[in-house]
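Values below: every heavy atom of this structure, side chains too, minus hydrogens, waters and symmetry copies.
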Amino acid sequence: QVQLVESGGGLVQAGGSLRLACVASGRTFSNYAMGWLRQAPGKEREFVAVIGWSGDSTYYAYSVKGRFTISRDNAKNTVYLQMNSQKPEDTAVYYCATVLGAIPYFYDRSNEYDYWGQGTQDTVSS
């Protein structure tokens, strides 16, 4: 029912910045909490950030707190992830995901999310 299309991935040097975008289909986009999760080679998918319906509530993984910022523009059906001061360990495939309703209590668990985008590759070189 919900389709997510990501863009903005690329290659950057350590310390550089990149902004990811995810455009969601559907007429109830504003009623969905939106999240970003990532998967690095040889590692399990891990939580990055999540944002609530109105954009007022946000939560971040400790590893990205202070460097990454999640935001959303419901008029454009789009959620963003601004990634600043990137590190090589940020290299991963980044996925946007959504949950119908409020941010789940266990927002850092992948199985809490209902719909997923195709993923976009972010590569940070040293």
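Taking each heavy atom of Val2 and Leu4 in turn, the nearest pair found is CG1-CD2, 3.9 Å. Closest non-hydrogen pair, Pro88 versus Ser126, comes out as CG-CB, 4.1 Å. Between Val23 and Lys76, the closest heavy-atom pair is CG1-O, 4.4 Å.
Two residues are said to be in side-chain contact when any heavy atoms from C-beta on lie closer than 4.5 Å; Val124 and Glu89 fail this criterion.
When hydrophobic clusters are built by joining Ile, Leu, Val, Met, Phe, Trp and Tyr residues whose side-chain heavy atoms come closer than 4.5 Å, directly or via intermediates, Leu37 is grouped together with Val50. Tracing side-chain contacts under 4.5 Å through hydrophobic residues (I, L, V, M, F, W, Y), one reaches Tyr94 starting from Tyr60; they form part of the same cluster. Under the 4.5 Å side-chain contact rule for hydrophobic residues, Val48 and Met34 share a cluster. The hydrophobic clustering, which links ILVMFWY residues whose side-chain heavy atoms are closer than 4.5 Å, places Val79 and Val93 apart. At a threshold of 4.5 Å between side-chain heavy atoms, the hydrophobic network of Ile, Leu, Val, Met, Phe, Trp and Tyr places Trp36 and Met83 in one connected group.
Here the straight-line distance linking atom CZ of Arg72 with atom CG of Leu81 works out to 13.5 Å at 0.5 Å rounding. Residue Tyr32 holds its OH atom at 12.5 Å from CG of Asn74, rounded to the nearest 0.5 Å.
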Considering only distance and modelled atom types, tabulate donor-acceptor pairs under 3.5 Å from the side chains of residues 99-117, sequence neighbours left out.
unit_1	atom_1	unit_2	atom_2	d
Tyr113	OH	Tyr107	O	2.7

Using atom types as modelled, flag every donor-acceptor pair under 3.5 Å from a side chain in residues 64-71 to any protein atom, sequence neighbours excluded.
unit_1	atom_1	unit_2	atom_2	d
Arg67	NH1	Ser85	O	3.0
Arg67	NH1	Asp90	OD2	2.8
Arg67	NH2	Ser63	O	2.9
Arg67	NH2	Asp90	OD1	3.1
Arg67	NH2	Asp90	OD2	3.4

Identify every side-chain donor-acceptor pair in residues 5-22 under 3.5 Å, counting partners at least two apart or on other chains, and give the distances.
unit_1	atom_1	unit_2	atom_2	d
Glu6	OE1	Gly119	N	3.4
Glu6	OE1	Thr120	N	3.2
Glu6	OE2	Cys96	N	2.4
Ser17	OG	Asn84	OD1	2.9

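Listed by first and then second residue, the disulfide (SG to SG under 2.5 Å) pairs that reach into residues 40-83 come to none, sequence neighbours excluded. Each disulfide (SG to SG under 2.5 Å) pair with one or both residues in residues 50-94, not counting sequence neighbours, would appear here, but there are none. For the salt bridge (charged side-chain N to carboxylate O under 4.0 Å, His left out) condition, the pairs that include at least one residue of residues 46-60, sequence neighbours left out, are Arg38-Glu46. Listed by first then second residue, pairs satisfying disulfide (SG to SG under 2.5 Å) with a partner in residues 46-81 number zero, not counting sequence neighbours.
By the 6.0 Å contact criterion, CD on Glu44 is open, its count of non-hydrogen atoms from other residues, nucleotides or ligands being 12 or less. When the shell of 6.0 Å around CD of Gln3 is examined, it contains 12 or fewer heavy atoms from other residues, nucleotides or ligands.
Legend: residues meeting side-chain hydrogen bond (donor to acceptor under 3.5 Å, both in side chains) with Gln121, ordered by chain and number and at least two apart, are Thr123.
Its side chain outside the 4.5 Å cluster rule for every partner, Tyr80 clusters with none of the Ile, Leu, Val, Met, Phe, Trp and Tyr residues. Within the hydrophobic cluster formed by Ile, Leu, Val, Met, Phe, Trp and Tyr side chains joined at under 4.5 Å, directly or through other members, Tyr62 stands alone, with no partner residue.
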